[in-house]
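Written out below as structure tokens is the structure these notes cover.
Nothing here was measured: the structure is a model prediction, and the numbers come from that model. Just so you know, ligand 1 is whichever comes first in the structure, and atom 1 is the first atom listed for that ligand.
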Amino acid sequence: MLVEAMTVQQAKAKCEEMPECAGFTFAGRPTAEPVTVHFKRAWILEGEGWTSYRRAARPEDSHPAHADNCFRRGAGCAREAPFFHWRSHSAILFLHGPESGDFSGGDFFFTPDWESEGAARVRVVPKAGRLVAFTAGEENIHGVEEVTNGTRCALAIWLTLDAELAEHRDELRTARSLLAAHKGT
Ligand SMILES: O=C(O)CCC(=O)C(=O)O
Ligand SMILES: [Fe+2]
């Protein structure tokens, strides 16, 4: 896909930057000197006397890191339309876990910021009846790691402190009148 002279270190960085890069090869043995690097779209090895580097496949998150009441803007998070800026709290109720055999992977995670490495993540393994609850802002960037098999089900619950923006105001009204009726008894 591309042939260019550079060091192996530079080639690794360049391959990471190109979404289609599967790896690269060059003639000869590993060296710190610049070499003629052949970047590869597909991983087909042929010929002798070449050194090859294959790019490690990074698992894709099934639900990439996000916050529930703002959207990423640079290093920060903009709490404004068109996002669900009125959300104050979130809760995820897991309906099953990997032990059910319904799916593999799919750990819920919190991450300290948008770009953090996987090692910095705090994971919650889904399990039937387990609930994770948190404030909905940028202090709780979270997501779901790759579901590698099957179908994963969870119930997401979002709460707001702004009664005017609640999606189910009729439910609020019903709750209020039930409470009022209860107080009267
Ligand atoms: O499915 C999950 O565990 C989390 C889903 C989530 O974060 C969302 O829908 O905003
Ligand atoms: Fe979320």
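Here the side chain of Ser62 pairs a donor or acceptor atom with the backbone of Val147 at under 3.5 angstrom. The main-chain N or O of Asp162 is found under 3.5 Å from a side-chain atom of Thr160 such that the two form a donor-acceptor pair.
For the atom pair CG of Asn140 and NE2 of His66, the computed distance is 10.5 Å after rounding to the nearest 0.5 Å. In this structure, OG1 on Thr7 lies 12.0 Å from NZ on Lys14, to the nearest 0.5 angstrom.
In summary, the atoms of ligand 1 found under 4.0 Å from a heavy atom of Phe94, numbered by their order in the structure, are 3 (O). Short contacts between ligand 1 and His63, defined as distances under 4.0 Å to a heavy atom of the residue, involve ligand atoms 5 (C), 6 (C), 8 (C), 9 (O), 10 (O). Counting atoms of ligand 1 from 1 in the listed order, those under 4.0 Å from a heavy atom of His142 are 7 (O). Of all the atoms in ligand 1, the ones that sit under 4.0 Å from a non-hydrogen atom of Val144 are 1 (O), 2 (C), 3 (O), 4 (C).
Using a cut-off of 4.0 Å between Lys/Arg side-chain N and Asp/Glu carboxylate O, Glu115 and Arg72 are scored as salt-bridged.
The part of Trp158 lying near ligand 1 is the side chain, judged by heavy-atom distances below 4.0 Å.
The atom of His66 nearest to the Fe ion (ligand 2) is NE2, with the search restricted to N, O or S atoms. When distances from the Fe ion (ligand 2) to the N, O or S atoms of Asp68 are compared, OD1 comes out shortest.
Regarding atom 3 (O) of ligand 1, its nearest protein heavy-atom neighbour is Arg152 NH2, 2.8 Å.
A perpendicular orientation is assigned to the rings of Phe84 and Trp86, their planes being inclined by more than 60° (bins at 30° and 60°).
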